[in-house]
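Notes follow once the structure below has been shown.
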Amino acid sequence: MEDKIVVKGLNLCFDTHHVLKSIDLNIRANEILSIIGPANSGKTSFLRTLNRLNDIISTVKITGEILLDGIDIYKKDILLPWLRRKVGMVFALPVPLPRSIFENIVYGPRLNGVTSKAKLEELVEKTLKAAFLWDEVKDRLHLSGTKLSGGQQQRLCIARALALEPEVILLDEPCSGLDPLSTSRIEEALYELKKQYTIVLVTNNTKQAARVGDNVAFFLMGEMIEYGSTEQIFTVPHDKRTEDYITGRFG
Amino acid sequence: MYRLISVMLILMVGMGCARNNVETINIAGSTAFQPFAEKLAEEFMAVHPDVRVNVQGGGSAVGIQSAQSGVVQIGMADIVTLPKEAEGLNSIVAAKDAIVIIVHPTNKVDNLSLQQIQDIFSGRLNNWAELGGEKGEKGEKGENKSITVVSREEGSGTRDSFHDMLLKGVQLSPHALIQNSTGAVRLMVQSDPSAIGYITHGVVTPDVKAIAIDGIAPSPENIHAGKYNVVRPIFLLTKGELKGKAGEFIDFILSPQGQKIIADNGLLPVK
Amino acid sequence: MKYRENLIQIGLLLTALSTIAILFLIALFILHEGLPIILKVGIKGFICGSHWSPQQGHFGIFPMIIGTVWITIGALLVSLPLSLSCAIYLSEFSTTKVRAVLKPVIELLAGIPSVVYGFIGMVVLFPMVRNYFGGTGPCILSAAIILGIMILPTITSIAIDSLQAVPYSFREGSLSLGATRWQTIRMVILPAAKSGILSGIILGVGRAVGETMAVIMIAGNSVIIPGSFLDPVRTLTANIALEMNYATGDHRQALFATGIVLFIAIIILNIIANTIARRGVEK
Amino acid sequence: MLKPIFYEQVMKRILFIGTAITVFILFFIILYILKNGLPVVDLEFLLSSPKDFGRAGGIFPCIVGTIVLTLVAIIIATPLGVGTAIYLREYTREGRLTSIIRFGTECLAGIPSIIFGLFGFVLFVVYLGFGWSILSGGLTMTFMILPTIIRTSEEAIKSVPASYREVSLSLGATKWQTIIKVVLPSALPGIVTGIILGVARSIEETAVVIFTAGSVLRIPTSLFDSCRTMSVHFYILAREGISMENAYGTAAILIITILLINMFAYWLMHRLMAKYS
């Protein structure tokens with residue numbers, strides 16, 4: 001399979017704090033890559049370099065190269081909205097914008113210039129179905145997005161990201177605040193989605209990584225310690241630290 | 001030991017006396033007379049260290065009301081005729097005050113007739129060129145400089161006196177700018193080359209030019225000689241005859257020494 | 001123990017009621033002093049009458065109501081574009097450091113006495129207005145500019161606070177959906193901060209309506225219904241402060257009555273603000 | 001795709017220009033006053049009494065007057081304001097009473113200072129017979145700054161996490177103990193902001209002070225003495241054209257005072273925040 005994203009020698013500093021240390025990583029198309037590791041190991045920061053969301057913070061310094069389909073996304077003339085439409089993102093805590101379910105989903109496409117009502121409605125239905133939310137909300141699309149339950153909100157955010165018709169979806173611990181049922185709903189959705197998209201999933205839950213990931217990267221203190229197929233990492237990890245982490249001996 | 005006790009005793013007695021003997025005189029009212037009252041109070045307190053004189057402004061109405069209600073022992077008012085509210089108050093004329101008409105120092109006009117003054121302040125006459133003044137700063141545009149009339153607020157003693165003595169029933173133009181203190185009128189006139197206003201004679205400075213009325217200039221000589229007769233009284237109002245230090249203060253104001261202070265600072269003495 | 005807690009609760013309730021008591025007292029005193037003249041002249045005659053010469057018995061404050069309205073609108077026209085762009089820029093585009101320096105500086109200006117603004121208006125603004133627009137200097141325009149500058153800090157500071165109170169995740173959410181920063185501001189942040197910004201603006205309006213000393217110094221105080229923005233006007237507050245010193249009898253009551261009108265106007269403004277704020281919460 | 005980005009650039013420029021103008025105006029005002037005022041400011045100006053109605057001499061009595069008047073206002077307003085905020089946030093549920101109190105506070109905040117001046121004059125100076133005095137001025141000023149203190153304290157108390165209270169209550173503390181030991185310390189930075197705003201307001205106010213505290217230019221010796229604050233002094237000097245130099249000097253001192261207060265507040269806030277969170 002071809003490489004969708006290639007990361008070469010990526011370093012990231014906030015002020016003097018060295019958060020990511022020379023990361024090299026290839027992400028293949030249509031796979032789910034899970035990134036695991038203890039808190040403060042740079043997982044989220046890494047994820048946010050992929051759609052350049054770290055750029056909002058003025059003190060950040062990034063060196064190295066990230067290629068998306070062979071294009072360096074840190075090149076000067078890259079348009080950030082273009083990049084962020086290609087690389088959708090779902091956050092740890094669901095953040096529906098303060099507007100209706102319908103408006104939440106069509107927010108991105110509208111900005112993109114899609115105005116036809118029929119097309120937007122079709123898009124809403126399609127994405128909500130893909131996020132396994134359609135049946136629960138189809139009768140109240142004009143309800144405020146903030147009125148949904150946590151699990152529903154998170155699926156709404158996934159649907160919203162899908163409505164951009166991205167190629168890559170970044171998920172930052174999408175199930176951290178959810179109950180097991182909602183979690184399994186989302187995992188189910190991810191499984192379906194990977195047929196179409198490349199997915200990068202940051203998770204604190206090693207079991208979840210084992211369940212849904214094709215490949216796993218283990219981060220520790222800003223370094224990538226080990227990368228391999230899910231099966232290999234969870235059965236015969238090469239590195240002692242990886243083994244310690246997944247067996248729960250430290251964290 | 002005895003010495004210590006006696007020193008303490010003396011100190012205590014001294015402090016007690018100081019507290020007992022300090023008498024406060026409150027005086028409030030006319031803003032026109034306020035600076036003079038402050039000056040007089042300063043001199044009075046220099047001779048009587050056991051008296052504190054508090055001078056407040058507030059205006060003639062405040063002077064009358066606060067004298068009536070007993071908030072102050074002495075009220076000051078600078079109105080030609082005292083209003084109904086002042087009935088029952090003892091009134092003493094402490095000084096007299098000339099009102100002069102002022103213009104910007106660059107203004108070519110030196111003299112106005114009574115009729116012209118009435119026309120200007122009522123808004124019938126609206127440019128300096130008609131009065132022999134120069135064409136406006138914006139002469140290049142060929143227009144004449146219009147007149148900016150500056151007056152005092154409704155109720156002001158200075159305004160009432162001005163109306164009584166000069167306008168004589170002619171209505172003030174509604175377009176006149178209104179300022180609520182002598183200094184403010186002067187400030188307005190000195191900052192606008194086309195302005196005209198009126199203030200008490202005592203506070204005229206070189207920043208503005210006082211002009212003659214019907215040929216009589218408001219010079220100290222003319223005023224003292226009674227030739228320049230736009231003059232109003234300044235009243236001190238008390239509730240009955242004042243005794244004690246407040247009475248002494250009034251006596252001081254009326255004494256030759258007090259009247260000299262008044263005269264030196266630009267008002268007319270009554271004696 | 002229970003007894004003590006109850007005592008504390010009652011004490012605090014009394015404290016809390018003090019604001020109502022004060023408001024009530026103010027209303028009582030001002031009504032007591034001012035109502036008789038309103039009843040004498042008639043509400044319509046007082047509010048709609050355009051002739052003010054209290055010593056001749058004419059008590060119409062319509063020109064001052066118009067003057068207050070014009071100056072307030074003018075001040076908003078001067079202030080809004082500047083304060084809102086300043087708030088949005090500092091909150092959304094500038095670095096944290098610049099914001100940390102400039103925001104206190106802006107707040108500092110809220111503490112400069114209004115008389116200082118008024119005086120600078122007289123010294124600096126009058127000659128400018130005379131040279132560039134004509135007129136004598138004291139006029140609606142000058143007053144609007146100075147009041148606009150005076151309410152800049154209030155509106156800017158509150159607007160920055162409300163913009164900063166919009167959760168950071170909204171920004172991330174919108175940006176991650178491919179919106180530009182400006183689109184994010186326009187479509188997500190401003191709507192979310194709307195009620196806060198509006199209450200800041202209303203506070204600014206309140207300050208503009210209530211400002212006294214600066215207005216006396218720069219508005220000219222003529223009792224006329226202005227024909228152009230170069231005409232001098234008098235505001236309600238200026239009317240009170242100008243003439244209070246010398247007023248007696250009916251005249252004095254009429255000034256307190258002006259205060260009643262002002263008081264009611266402010267209460268209405270507050271009811272509007274309250275409704276807006278509540279609508280913001282419900283949303 | 002290019003259009004929104006171009007649009008963003010245009011908007012950013014416009015906003016920047018607006019910001020630049022604002023900042024320019026504000027700096028112009030500060031620098032104008034400092035430039036005209038600082039030349040007359042020296043230790044003598046700060047510490048000596050004015051002579052000749054302020055034409056010469058210093059402004060020491062005005063500095064004392066400003067401080068005393070502000071202190072009176074703050075000392076009365078702070079317990080009232082914080083108490084009200086505590087009651088609104090901790091002792092009652094949202095209901096008709098709270099909304100009435102809150103509405104009253106908002107209205108009080110919006111009332112023009114001139115009306116406070118009229119009211120203070122009628123009630124304290126005339127009716128209660130305090131005369132023009134620090135007490136009359138301070139009490140009137142209390143009423144003016146009360147809403148600010150209530151509002152900021154309430155916000156601060158509101159933002160104390162509910163879990164703090166629950167923990168304290170679960171450890172056996174009474175409601176009042178919880179408030180004193182847990183809620184107020186956490187809310188302190190916000191309360192301090194409110195007090196500082198109140199101080200700034202009472203320093204800058206002119207009309208109210210003239211109406212209620214008078215303008216006697218002498219060092220006050222009791223609460224029933226009249227005093228003149230720096231703002232009033234500036235107003236009288238500038239308005240009556242007595243002395244421009246000293247007027248600007250007074251204004252410069254005022255600005256520096258407010259600057260120092262703000263800096264002190266920020267410093268205090270950082271310290272308190274470091275201590276309690």
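Just so it is clear: chains get the letters A, B, ... in the order the sequence lines come, proteins before strands, and each one is counted from 1.
The number of heavy-atom neighbours closer than 6.0 Å to NE2 of C:His51, taken from other residues, nucleotides and ligands shown, is above 12. By the neighbour-count criterion of 12 heavy atoms within 6.0 Å, atom NZ of B:Lys96 is sparsely surrounded, having that number or fewer from other residues, nucleotides or ligands. Dense packing is recorded around CG of C:Leu28, with more than 12 heavy atoms of other residues, nucleotides or ligands lying under 6.0 Å away. Within a 6.0 Å sphere centred on NZ of C:Lys40, heavy atoms belonging to other residues, nucleotides or ligands number 12 at most. For CH2 of C:Trp70, the number of neighbouring non-hydrogen atoms (other residues, nucleotides, ligands) closer than 6.0 Å is 12 at most.
C:Met244 is not listed as a side-chain neighbour of B:Val62, based on a closest heavy-atom distance of 4.5 Å or more. B:Glu153 places none of its side-chain heavy atoms less than 4.5 Å from the side chain of C:Asn221.
Proximity to chain C is limited to the side chain of B:Arg152, based on heavy atoms less than 4.5 angstrom apart. For B:Ala184, no part lies under 4.5 angstrom from a heavy atom of chain C. Residue B:Gln179 touches chain C through both its backbone and its side chain, counting heavy-atom pairs closer than 4.5 Å.
Contact count versus chain B (heavy atoms, under 4.5 Å) is highest, among C:Arg234, C:Gln56, C:Met122, C:Arg252, for C:Arg252. When C:Pro232, C:Ser53, C:Gly137, C:Ala219 are compared by the number of non-hydrogen pairs under 4.5 Å with chain B, C:Ser53 comes out ahead. Ranked by heavy-atom pairs under 4.5 Å with chain C, the list B:Met188, B:Gln171, B:Gln65 is led by B:Gln65.
The line from CD1 of C:Ile224 to OG of B:Ser173 is 8.0 Å long, rounded to the nearest 0.5 Å. Rounded to the nearest 0.5 angstrom, B:Asn180 CG and C:Ile216 CD1 are separated by 5.0 Å. Rounding to the nearest 0.5 Å gives a distance of 5.5 Å between CG of B:Leu187 and CZ of C:Phe119.
In this structure, B:Glu154 contributes its side chain and C:Gln55 its backbone to a donor-acceptor pair below 3.5 Å. No side-chain donor-acceptor contact under 3.5 Å links B:Thr148 to the backbone of C:Thr136.
For the residue pair B:Leu177 and C:Pro138, the shortest heavy atom distance occurs at CD1-CG, 3.5 Å. When all heavy atoms of C:Ser222 and B:Pro174 are compared, the closest pair comes out as CB-O, 3.3 Å.
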